[in-house]
Amino acid sequence: MFIVENCRMPPTTILHTVNARVEAGSVVSEDDHASIQYFGEDGQTFDLRLVGKIKHQLRTDPTNRPAYPSPLGLTGFIHQATKVTLGKSLKPLLESRVLAAQTPGFNSAVRLGAELLRDWFENSPWSGPVFLSAPCDGSLASIFQAAGIDDIRHYYYWDNKQRGVCLDKLVEDLERAPHQSVVVLSASCHYPTGADLTDNQWDIITQIMKGRKLFPFFLLPMQALSTGDLGRDAKPIQKCAELGMEFMCAQSFAHSFGQYGEAVGHLLCVLRDNSLLIAKKSLAEDIVKSLWAHPSMMGAHIVATILGNPAHFVEWQEEMKRIVERCMLIRQVLKEKLRHLGCPGIWDHLTTQQGLFSCIGLSDPQVEFLANSRHVYLLPNGCLNVSAIHGGNLEYVAASIHQATSLGH
């Protein structure tokens, strides 16, 4: 978590992603993904006015009767989620090679995908390997292991010295990966570093994946919070669809639609052959029935309503644009503050990264210094949620980072 507390200001929670939150001296356990949230300038999670209006309409609509959805979820939501993710890459849909399901959150989408992978390939049951980025969301390995996939490996992604993605080492690891390996890739808003691959780098990665018959498993936990556009954040997925590749994509619409309590997840699967669709759909339904039976409805209804109504969609896009612009402004201001203070090193990576998170490149001793001496808490690799920095704590955060980076200089 990234926290500032007792720092000549009221205790202010900034971020936490290690399953506990320090709050006024107490420790409260919490779900890891519940804490990956966008915070406004007031330090609180945001509430879209449009979402509140639609929620009220749905609750007061006399024709809206409570009913269980199918195990795979609300049809309208699945249609809209698939449509905005694939964009103009409609060939898989036209060829009936798409299986999609609503899930109760992002982790559930990953879990459903992992369960399907066990019987996905011809040499089933399949048990790995799965390649995760280093670093990555700490819960991913345990999700795949819970599905019976124990062969978990890592590929090189973040280079702390370069303060960015190390493409050369990433390519080396993929070229050594066995055929039919599943490679988990962040399509945008890489968590926890905020460092995404460029379009040219994606061209290289997708060609390696296709040539070596590796299986892409994309992650979109914060879709639209990188560029403000759902489709642009999904460009790597659309590229794979255009190349005729099979893949999976786990998504969450909770963050970009302010639906943190609703857990609106989605799993998109593109198959290599439409003859497999009926069997895979039946398998997915059986798995869902054993895990959660039915996803919840309200959040999915809200997202489907916004995506399916052009006027609502334009209003939502404007709000997303303001959120993304604020995050970029925070990055720019923090970078200039650190330069003004004379912090050692180059800080351009703060503004080349995107989304909510940033890996600022601090060492473990520096992170420990911030926690013990300044009561500023980050992840061990020095990553933080930029949206939680605001006018009330920016000066203190910058000064604290300056002190940490000046150790030994």
### Query
Below 6.0 angstrom between ring centroids: does that apply to F131 and H154?
no

#### Entry: Check: F217 ring centre within less than 6.0 Å of F144 ring centre
yes

### L140 side chain reached by L219 side chain, heavy atoms, under 4.5 Å
yes

### Query
Is E262 close to Y260 at the side-chain level, that is, under 4.5 Å between some pair of heavy atoms?
no

## Note on the structure
To the nearest 0.5 Å, atom CG of L117 lies from atom CG of L112 at 9.5 Å

### Task
Might you point out which heavy atoms bring A250 and V110 nearest each other, and give the distance in Å?
CB-CG2, 3.7 Å

### Task
Search all heavy atoms of C327 against all heavy atoms of L356 and return the closest pair with its distance.
SG-CD2, 4.0 Å

### Query
For the atom pair CG (D286) and NZ (K281), what is the distance rounded to the nearest 0.5 Å?
12.5 Å

### Query
Would you find a donor on one side and an acceptor on the other, under 3.5 Å apart, between the side chain of N393 and the backbone of H390?
yes

### Query
Do S387 side-chain atoms and F39 backbone N/O form a donor-acceptor pair below 3.5 Å?
yes

### Task
Begin from the C-alpha positions of S275 and D273 and carry the test side chain to side chain donor-acceptor pair (under 3.5 Å) through to its verdict.
CA-CA 5 Å; S275 65; D273 190 331; 3.1 Å; yes

### Query
Side-chain contact, heavy-atom cut-off 4.5 Å: V270 with I237?
no

### Query
Would one find more than 12 heavy atoms of other residues, nucleotides or ligands at under 6.0 Å from atom CG of L394?
yes

### Flag for K335-T351: side-chain donor and acceptor within less than 3.5 Å
yes

#### Entry: Close side-chain approach of I306 and E315, heavy atoms under 4.5 Å
no

### Task
Kindly determine whether F215 and E246 satisfy side-chain contact (heavy atoms from CB on, under 4.5 Å), including the steps that lead there.
CA-CA 7 Å; F215 187 96; E246 61 175 343; 3.7 Å; yes

#### Entry: Expected output: side-chain R97 to main-chain R272 donor-acceptor under 3.5 Å
no

### Query
Any salt bridge between R163 and D348, counting N to O under 4.0 Å?
no

### Message
Using side-chain contact (heavy atoms from CB on, under 4.5 Å), reason through L370 and L362 one step at a time and then give a plain yes or no.
### Response
CA-CA 10 Å; L370 286 174; L362 299 184; 3.6 Å; yes

### Query
Judged by atom type as modelled, is there a donor-acceptor pair below 3.5 Å linking the side chain of E41 to the main-chain atoms of G391?
yes

### Message
Could you walk me through whether L334 and W347 satisfy the side-chain contact (heavy atoms from CB on, under 4.5 Å) test, starting with their C-alpha distance in whole Å, then the side-chain angles of each, then the deciding distance to 0.1 Å, before giving a yes or no?
### Response
CA-CA 9 Å; L334 179 60; W347 298 92; over 6 Å; no

### Message
Are more than 12 heavy atoms, taken from residues, nucleotides or ligands other than I278, located less than 6.0 Å from that residue's CD1 atom?
### Response
no

### Task
Could you pull out the closest heavy-atom pair between L86 and A241, with the gap in Å?
CD2-CB, 4.1 Å

### Query
Within the distance-only criterion (no hydrogens, no angle test), does the side chain of N274 pair as donor or acceptor with the backbone N or O of E95 below 3.5 angstrom?
yes

### Query
With no hydrogens and no angle check, is any side-chain donor or acceptor of R212 less than 3.5 Å from a backbone partner on A177?
yes

### Task
Determine, for K337 against E395, whether the closest basic-nitrogen to carboxylate-oxygen distance falls under 4.0 angstrom.
yes

### Task
Report yes or no: does K280 contribute a side-chain atom to a donor-acceptor pair with the main-chain N or O of D119 at less than 3.5 Å?
yes

### Query
Do you know the tightest heavy-atom contact between A147 and A114?
CB-CB, 3.7 Å

### Query
Between S139 and D137, is any side-chain donor less than 3.5 angstrom from a side-chain acceptor?
yes

### Query
Do W292 and H294 have their ring centres less than 6.0 Å from each other?
no

### Message
Can you tell whether the side chains of K169 and E172 come within less than 4.0 Å, N to carboxylate O?
### Response
no

### Query
Roughly how far, to the nearest 0.5 Å, is CZ of R331 from NE2 of H349?
9.5 Å

### Message
Working to the nearest 0.5 angstrom, can you tell me the gap between I323 CD1 and L48 CG?
### Response
6.0 Å

### Message
Between Q251 (side chain only) and L268 (backbone N and O only), is there a donor and an acceptor less than 3.5 Å apart?
### Response
no

### Query
Are there more than 12 heavy atoms of other residues, nucleotides or ligands under 6.0 Å from atom NZ of K83?
no

### Message
As an exercise, state the distance from CG of L174 to CG of L167, rounded to the nearest 0.5 Å.
### Response
9.0 Å

### Query
Judged by atom type as modelled, is there a donor-acceptor pair below 3.5 Å linking the side chain of D196 to the main-chain atoms of C189?
yes

### Task
Start with the C-alpha gap between Q145 and I152, add the side-chain angles, then the distance that decides, and say whether side-chain contact (heavy atoms from CB on, under 4.5 Å) holds.
CA-CA 8 Å; Q145 288 167 344; I152 307 296; 3.9 Å; yes

### Message
Salt bridge or not between E115 and R111? Use side-chain N to carboxylate O under 4.0 Å.
### Response
yes

#### Entry: Test item: L170 and I205 side chains (from C-beta on) under 4.5 Å apart, heavy atoms
yes

### Message
Would you say the rings of Y157 and H190 are close, in the sense that their centroids are separated by under 6.0 Å?
### Response
yes

### Message
Please tell me whether F77 and H266 form a close aromatic pair, meaning their ring centres lie under 6.0 Å apart.
### Response
yes

### Query
With distance as the sole criterion, is a donor-acceptor pair present between the side chains of S89 and E242 under 3.5 Å?
yes

### Task
Report yes if the side chains of L185 and W202 come closer than 4.5 Å at any heavy-atom pair, otherwise no.
yes

### Minimum heavy-atom distance between D233 and L220, given as atom pair plus value
O-CD2, 3.6 Å

#### Entry: No-hydrogen, no-angle side-chain donor-acceptor test under 3.5 Å, T227 and D229
no

### Task
Can you see which heavy atom on Q238 is nearest to which on V84, and at what distance?
NE2-O, 4.2 Å

### Query
Between OG of S256 and CE of M320, what distance do you get to the nearest 0.5 Å?
6.0 Å

### Query
So, the side chain of T305 versus the backbone of H301: is there a donor-acceptor pair under 3.5 Å, distance only?
yes

#### Entry: Full working for salt bridge (charged side-chain N to carboxylate O under 4.0 Å, His left out) between R339 and E336
CA-CA 5 Å; R339 283 177 171 173; E336 292 307 314; 3.4 Å; yes

### Task
Compare all side-chain heavy atoms of H255 with those of Y38 and state whether any distance is below 4.5 angstrom.
no

### Query
So with a 6.0 Å cut-off around CZ of R49, is the heavy-atom count from everything else above 12?
no

### Message
Less than 4.5 Å apart, side chain to side chain, heavy atoms only: is that true for F369 and R374?
### Response
yes

